[in-house]
Each structure stands twice: as structure tokens, then as C-alpha cells.
Novice: 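Okay, here's the structure, questions in a sec.
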Amino acid sequence: MISKDNHINYVEFKAKDLIEIKKFYTGVFGWVFTDYGPTYTAFSESGLEGGFEMAEVEIINGALVVLYHSSLETIKNKIIQSSGKISKDIFSFPGGRRFHFMDPSGNELAVWSDK
């Protein structure tokens, strides 16, 4: 599947126990998991790809919607110019880079790029 600018591309959840969460979603829904170190696992075969990040603290808002954009710097500047706030600046991860932002209502989303 080709990633398109401005489209929802990924959803990320929090989890207290990655072994337990993988067992649950594999057993109930047949999702397939790929581990990326001890604190992150990605899932597929779910309709929309996503992942679970290990959380040590109480989980309040456990879902992070991730959009795709081929130019992180361009879309980051557009978010700032439109009254969005950057909550986590651009960082690298295996497979790309991303940043997090807050919309004017306080919802946190992320944007990633493989470029």
C-alpha cells in the first residue's frame, strides 16, 4: 500500500503488558505482531496497521492516530501556522521519522514520514 500525504496511516495504543496484549489480540482477532525491541510491538492483519507502546503510568488516552506526510518539516510548519502546538519534536525511529502535535481542541496526533 502506498502512503498518501494527509491520510490516516497508523494507530498507536498504549499497553501495560505487551505479552498479554499480543496474546489477547492474536487469540481474539487473529492480528499478527512484529516486535521492535522490548517496549514496542506493531500489528497487522487488522484493517489498519498500528502498534502498542509499553506504558509504565496509568493509561488515560491510550490511542494515538498517526497521519502520513512526505515532508515533515512542511506539514509541521503548516500545523504551527494554523494554531497547532508541537508536543514532541521530530525524532527518528526504525523506518522513518515523526513528530506529535496537539490540535486546537487538545487532541494529540502524530505525523510520520519514511523520507
Novice: Quick one: side-chain contact (heavy atoms from CB on, under 4.5 Å) partners of Lys14, sequence neighbours excluded?
Specialist: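 For Lys14, the residues satisfying side-chain contact (heavy atoms from CB on, under 4.5 Å) (neighbours in sequence not counted) are Glu53, Ala55, Ile59.
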Novice: Identify, with sequence neighbours excluded, every residue that meets side-chain hydrogen bond (donor to acceptor under 3.5 Å, both in side chains) alongside Asn107.
Specialist: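 With sequence neighbours excluded, Asn107 shows a side-chain hydrogen bond (donor to acceptor under 3.5 Å, both in side chains) to Asp103, given in chain and number order.
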Novice: Taking it one step at a time, do Phe33 and Lys23 satisfy side-chain contact (heavy atoms from CB on, under 4.5 Å)?
Specialist: CA-CA 10 Å; Phe33 288 88; Lys23 182 179 176 184; over 6 Å; no
Novice: If I compare all heavy atoms of Leu18 with all of Pro38, which pair ends up nearest, and what's the gap?
Specialist: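 Scanning both residues, the minimum pair turns out to be CD1-O, 3.6 Å.
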Novice: Starting at CZ of Phe99, measure out to CD1 of Ile79 and round the result to the nearest 0.5 Å.
Specialist: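 Rounded to the nearest 0.5 Å, the CZ-CD1 separation comes to 4.0 Å.
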Novice: Between atom OG1 of Thr34 and atom NZ of Lys22, what is the distance when rounded to the nearest 0.5 Å?
Specialist: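 Answer for the OG1-NZ pair, Thr34 versus Lys22, is 9.0 Å.
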Novice: With sequence neighbours left out, write down each residue that passes ring pair (Phe, Tyr, Trp, His ring centres under 6.0 Å) with Phe52, or none if nothing qualifies.
Specialist: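 Phe52 satisfies ring pair (Phe, Tyr, Trp, His ring centres under 6.0 Å) with Phe13, Tyr25, Phe43 only.
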Novice: Got a list of side-chain donor-acceptor pairs under 3.5 Å for residues 63-74, not counting sequence neighbours?
Specialist:
from, atom 1, to, atom 2, distance (Å)
Tyr68, OH, Asp114, OD1, 2.7
His69, ND1, Ser71, N, 3.0
His69, ND1, Ser71, O, 3.2
Ser70, OG, Asp5, OD1, 3.2
Ser70, OG, Asp5, OD2, 3.2
Ser71, OG, Thr74, N, 3.3
Ser71, OG, Thr74, OG1, 2.7
Glu73, OE1, Arg97, NH2, 3.4
Glu73, OE2, Arg97, NH1, 3.1
Glu73, OE2, Arg97, NH2, 3.3

Novice: How many angstroms lie between atom CH2 of Trp112 and atom CD1 of Ile75, to the nearest 0.5 angstrom?
Specialist: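 Here the rounded value is 15.0 Å.
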Novice: If you measure from CZ on Arg98 to CD1 on Ile90, what distance do you get to the nearest 0.5 Å?
Specialist: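 Spacing of CZ (Arg98) from CD1 (Ile90) equals 12.5 Å.
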Novice: Could you state the interatomic distance from NZ (Lys88) to CE (Met102), rounded to the nearest 0.5 Å?
Specialist: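 Spacing of NZ (Lys88) from CE (Met102) equals 12.0 Å.
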Novice: Donor-acceptor pair, distance only, cut-off 3.5 Å: does the side chain of Lys85 make one with the backbone of Pro104?
Specialist: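 No, because the side chain of Lys85 does not come within donor-acceptor range (under 3.5 Å) of the backbone of Pro104.
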Novice: By side-chain hydrogen bond (donor to acceptor under 3.5 Å, both in side chains), which residues pair with Ser113, not counting sequence neighbours?
Specialist: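 None.
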Novice: Tell me whether Tyr10 contacts the main-chain N or O of Gly50 through its side chain, where contact means a donor paired with an acceptor under 3.5 Å.
Specialist: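 Yes: the side chain of Tyr10 pairs with the backbone of Gly50.
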Novice: Return the CD1 to CZ distance between Ile86 and Phe101, rounded to the nearest 0.5 Å.
Specialist: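 Reported to 0.5 Å precision, the distance equals 8.0 Å.
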Novice: Could you tell me which residues satisfy side-chain contact (heavy atoms from CB on, under 4.5 Å) with Ser44, sequence neighbours excluded, listed by chain and number?
Specialist: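 Counting only residues at least two positions away or on another chain, Ser44 forms a side-chain contact (heavy atoms from CB on, under 4.5 Å) with Val32, Glu49.
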